[in-house]
Number of protein chains: 2
Amino acid sequence: MSDGWTEPSAGTAESHGKYISAIYRHMQILIAAELAPYRIGSGQYIFLMAIAGREGITQKELSESLLIDKTTTAKAIAKLEAEGYVRREANPADNRYQLLYLTEAGRDVVPKVQQGLNQVKSKASKGISDEDYAFMLDLLKQVLRNVSEHTRGGSAN
Amino acid sequence: MSDGWTEPSAGTAESHGKYISAIYRHMQILIAAELAPYRIGSGQYIFLMAIAGREGITQKELSESLLIDKTTTAKAIAKLEAEGYVRREANPADNRYQLLYLTEAGRDVVPKVQQGLNQVKSKASKGISDEDYAFMLDLLKQVLRNVSEHTRGGSAN
DNA sequence: TTAGATAGGATGTCATTGCAACTAATTGCA
DNA sequence: TGCAATTAGTTGCAATGACATCCTATCTAA
């Protein structure tokens with residue numbers, strides 16, 4: 001649709017990449033600002049919420065379900081642990097891995113983080129109907145499936 | 001709906017954030033791999049294409065139209081210049097501005113980069129009809145408008 | 001039992017990106 | 001005219017995140 005550069009039939013036209021990237025960067029800023037009071041960065045909240053959703057999860061499982069590199073996971077968990085929100089517990093049956101649990105402070109902060117995330121979500125989805133929003137999520141899921149198939153971290157790391 | 005954690009009416013339910021972030025990260029990887037032969041990273045291609053779309057643009061204008069911080073722009077342009085794809089020219093009327101142009105090598109590489117981006121786009125949009133894709137883009141644009149309103153870089157940097 | 005394979009993690013390095021603070025050039029107002 | 005404010009761009013620093021590589025613990029097979 002005329003952006004300056006060409007557009008032969010299907011393939012060259014406007015791509016989601018530009019918007020995905022811009023939205024991602026702005027969301028990072030909004031979330032970081034929202035969670036700064038709890039000393040939780042935009043790179044950690046997703047792990048905190050995932051652990052809240054299933055205590056006793058391992059780093060490997062986190063990496064797989066969030067499609068994030070395991071070393072990134074390791075560093076984020078280390079930060080959450082340093083802040084006192086997450087606790088590691090060696091699995092007595094297999095000392096190679098450690099089970100992740102929330103601390104008291106972690107359990108206290110999770111609802112606040114959830115609220116902050118809701119703030120950001122409601123800002124971001126203003127002017128979009130629930131149906132349209134749900135439809136967009138479905139399409140984004142399809143895109144994610146497509147792109148994660150083509151990268152190393154597609155299913156594991 | 002239903003991911004493990006709560007969902008009081010509208011606000012807590014599944015959010016685009018998770019998908020945006022995962023798609024962004026995987027796209028970065030795909031694009032970097034696609035453009036590696038030309039020594040153009042995932043952080044530079046968007047500037048190259050924007051300059052191709054309007055030669056003589058300034059860094060300020062790039063930052064505004066791409067919604068990217070001006071310091072990020074400065075660094076990306078420096079890399080493109082170091083690779084010999086972009087050339088800076090001082091504006092004689094106002095020495096604060098530098099006008100950006102493609103070099104010969106830049107003009108040569110642009111179609112190849114466009115092709116690489118098309119590759120990535122077609123991988124990413126597999127299984128999505130043109131209509132649905134266009135609809136998704138519209139929704140993403142709305143989300144971007146929403147989030148960019150709330151950050152410093154909303155209109156400028 | 002022990003060598004090799006496997007798996008969870010940790011560490012070092014690099015690219016992308018944003019913010020604070022700075023420089024240099026231009027503009028505007030007294 | 002002259003100095004303060006504005007504007008374009010740069011530099012230093014920090015956070016996010018991926019990849020390569022290494023360490024250690026566990027498991028498998030000879």
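Protein chains get the first letters and strands the later ones, always in sequence-line order, with residue 1 at the start of each.
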Taking only the side-chain nitrogens and oxygens of [X], find out if one of them lies under 4.0 Å from OP1 or OP2 of [N].
X	N	value
A/Q44	D/dA15	no
A/Y45	D/dT16	no
B/R25	D/dT16	no

Let me have the donor-acceptor pairs involving side chains of residues 33-41 of chain A, under 3.5 Å, with sequence neighbours excluded, atom names and distances please.
unit_1	atom_1	unit_2	atom_2	d
A/R39	NE	A/E83	OE1	3.0
A/R39	NE	A/E83	OE2	3.4
A/R39	NH2	A/E83	OE2	3.1

Side-chain donor-acceptor contact under 3.5 Å, A/R145 with A/Q142: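 A/Q142 and A/R145 do have a side-chain donor-acceptor pair below 3.5 Å.
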What integer distance in Å separates [X]:[atom1] from [N]:[atom2]?
X	N	atom1	atom2	answer
A/I77	C/dG9	CD1	P	10 Å
A/M27	D/dT16	CE	P	15 Å
B/L67	C/dC19	CG	P	12 Å
B/L48	C/dT16	CG	P	13 Å
A/I40	D/dT16	CD1	P	11 Å

All ring-ring contact (aromatic ring centres under 6.0 Å, His included) counterparts of A/Y133, not counting sequence neighbours: B/H16
Residues forming a side-chain hydrogen bond (donor to acceptor under 3.5 Å, both in side chains) with B/T72, sequence neighbours excluded: none
Residues which pass side-chain hydrogen bond (donor to acceptor under 3.5 Å, both in side chains) with A/R88, listed by chain and number, not counting sequence neighbours: A/Q59, A/E81, A/Q98
From D/dG17, C/dT16, C/dT17, nucleotide with atom closest to B/K79 side chain: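 In terms of side-chain proximity for B/K79, the closest of D/dG17, C/dT16, C/dT17 is C/dT16.
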Contacts of type side chain to side chain contact (heavy atoms under 4.5 Å, CB included), residue A/F135, not counting sequence neighbours: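 Checked A/F135 against side chain to side chain contact (heavy atoms under 4.5 Å, CB included); matches are A/L139, B/D132, B/F135.
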Footprint string (nucleotides 8-13 of chain D, 5' to 3'): B base within contact, S backbone only, - free, heavy atoms under 4.0 Å: SBBBBB
